[in-house]
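This report refers to the structure that appears directly beneath it.
Everything quoted here is computed from the prediction, not taken from an experiment. Only this structure's heavy atoms are used, side chains among them; waters, hydrogens and symmetry mates stay out.
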Amino acid sequence: MNTVDKSNRPAPVYVVSGGKGLAGNNMVQSLLIQYPDNQVPVIIVPDILDEKKLEAVILQAKKDGGLITHTMVNPVLRKRLIELAANHGVQQIDFMGQFADYLDKTLGIPSLQYPGLYRELNHQYFDRIDAMEFTLEHDDGLSMQRLTDAEIVLCGVSRTGKTPLSVYLALYGWKVANVPLVPGIDPPDELFKIDPQRVFGLQIGVPQLIAHRIKRLRSFNNLDNHAYVDERQIKEEIRYANLIFARGKFTLINVTNKPVESSANEIINTMTSRFQYGGRRIKSPFLEPGEPNDSNASSGKSEEEELDLF
């Protein structure tokens, strides 16, 4: 492989695709991992759907002395890529061409030539991965500037199970953020700017909350933190949280003596009853021109209920 400069750093490998480049990147990475500390830059170039973009990538690879790998399912663009690469003296590796040609001849049926079809057909798996990444990045008050991107927001005092519940929901493909509520610390403004029907306030009985906190302190061998398990202070924290829930008109979920699965099912059922297409922030393929987006459609406001947890 050519080198870019005198530092002997390897030239980049470009992964060119009409889709998102996941298949090509996986193939490149599965080989590079066999060469420890290879330091080869891998640059994914997705959504190449016209010759103009194609030529721009080839010229960049020529400038860098790089290699182009590609998974183009469109035979016209694939052929053109190979031609342009040859004209500019750029090395290219075709991950799809020979196999596609073989299938064309063997099967005798035309291919769909639809970039990203594998991802689309397996969207549930990729949704789950995306949701898990989002949820971990927005755990316990992190990245609050992107709170409006969440599909579900959980809020509550410490040890109400926000994190395990968030992760469980993410396993079903939901992008979840959770916000801790602490007296004396104002919650982020973003919490009150998102659709309140997507926000859930977690409530829990005082005895169980104390038990959870004692268990937490024991795990850290820190039983001297009396304020954290003081009943009077805990009641004050819960009162403060309830004020926030009322202010935002959030839906209340009582997690007292409930397994994570039950609380998650309650939230999912609420979301699917309120929003078209299960409450997801996706552009449904079933939407007709002029129909509202699913994120704005609901079946009504959440019920207001007061829970006496004292």
Side-chain angles (χ1 to χ4, degrees), residues 124-204 208-222 225 227-229 234 237-238 240-245 247-248 250-256 258-272 275 278-282 295:
Q124 289 185 340
Y125 168 78
F126 292 108
D127 277 355
R128 190 177 299 120
I129 298 300
D130 290 343
M132 187 61 71
E133 290 179 350
F134 181 94
T135 299
L136 294 178
E137 290 170 358
H138 295 78
D139 180 44
D140 201 29
L142 295 175
S143 304
M144 289 296 96
Q145 68 275 11
R146 293 182 55 215
L147 193 62
T148 54
D149 294 334
E151 295 173 324
I152 295 174
V153 177
L154 308 178
C155 52
V157 302
S158 173
R159 308 314 297 169
T160 49
K162 296 184 296 296
T163 295
L165 183 53
S166 296
V167 172
Y168 189 90
L169 289 166
L171 289 174
Y172 285 87
W174 296 88
K175 293 181 179 179
V176 186
N178 71 72
V179 181
L181 300 179
V182 181
I185 301 178
D186 292 334
D189 292 338
E190 289 80 1
L191 183 62
F192 304 101
K193 293 179 181 178
I194 58 182
D195 185 347
Q197 292 191 102
R198 292 183 179 273
V199 185
F200 295 83
L202 305 186
Q203 296 188 309
I204 189 171
Q208 188 174 22
L209 184 55
I210 292 175
H212 286 336
R213 291 190 174 184
I214 290 175
K215 184 177 180 180
R216 179 68 168 175
L217 291 180
R218 283 176 177 166
S219 69
F220 286 113
N221 194 26
N222 181 25
N225 189 354
Y228 189 59
V229 294
I234 286 176
E237 289 183 47
I238 290 176
Y240 173 74
N242 285 335
L243 289 174
I244 298 299
F245 300 155
R247 174 184 166 190
F250 304 147
T251 301
L252 307 181
I253 299 291
N254 186 354
V255 299
T256 306
K258 275 172 152 181
V260 171
E261 298 92 326
S262 296
S263 298
N265 288 339
E266 186 175 346
I267 291 172
I268 292 173
N269 289 336
T270 301
M271 291 295 292
T272 54
F275 297 91
R280 308 307 303 274
R281 291 185 186 276
I282 59 174
S295 63

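Proximity of I244 to F250: side-chain heavy atoms (C-beta onward) are separated by under 4.5 Å at one or more points. Q203 is not listed as a side-chain neighbour of I238, based on a closest heavy-atom distance of 4.5 Å or more. In this structure, I204 and H212 have side chains that are in contact, with non-hydrogen atoms separated by less than 4.5 Å. A heavy-atom distance below 4.5 Å is found between the side chains of K258 and E266. Using a 4.5 Å heavy-atom cutoff, the side chains of V255 and Q208 are not in contact. Counting heavy atoms from C-beta outward, Y240 and V157 have side chains that stay 4.5 Å or more apart. Between T251 and Q197, every side-chain heavy-atom pair lies at or beyond the 4.5 Å cut-off. Counting heavy atoms from C-beta on, the side chains of L165 and F200 never come closer than 4.5 Å.
Atom CE of residue M144 and atom CG of residue D189 lie 12.5 Å apart, to the nearest 0.5 angstrom. For the atom pair OG1 (T148) and CG (D195), the distance works out to 11.5 Å, reported to the nearest 0.5 Å.
Between the side chain of T135 and the main chain of V176, a donor-acceptor pair closer than 3.5 Å is present. Panel note: side chain E151, backbone K175; a donor-acceptor pair is recorded below 3.5 Å.
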Please tabulate, for the side chains in residues 177-185, all donor-acceptor contacts under 3.5 angstrom to protein atoms that are two or more places apart in sequence or on a different chain.
unit_1, atom_1, unit_2, atom_2, d
N178, OD1, D140, N, 2.8
N178, ND2, D139, OD1, 2.7
N178, ND2, S166, OG, 3.4

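We find that R213 and E237 are joined by a salt bridge, their nearest charged nitrogen and carboxylate oxygen being less than 4.0 Å apart.
Other residues, nucleotides and ligands contribute only 12 or fewer heavy atoms inside 6.0 Å of the CG atom of N221.
Cation-pi geometry between R198 and F275 is met: the NZ or CZ atom falls under 6.0 Å from the ring centre, inside 45° of the normal.
Contacts classified as ring-ring contact (aromatic ring centres under 6.0 Å, His included) and involving residues 139-164 (residues at least two apart or in different chains) are not found.
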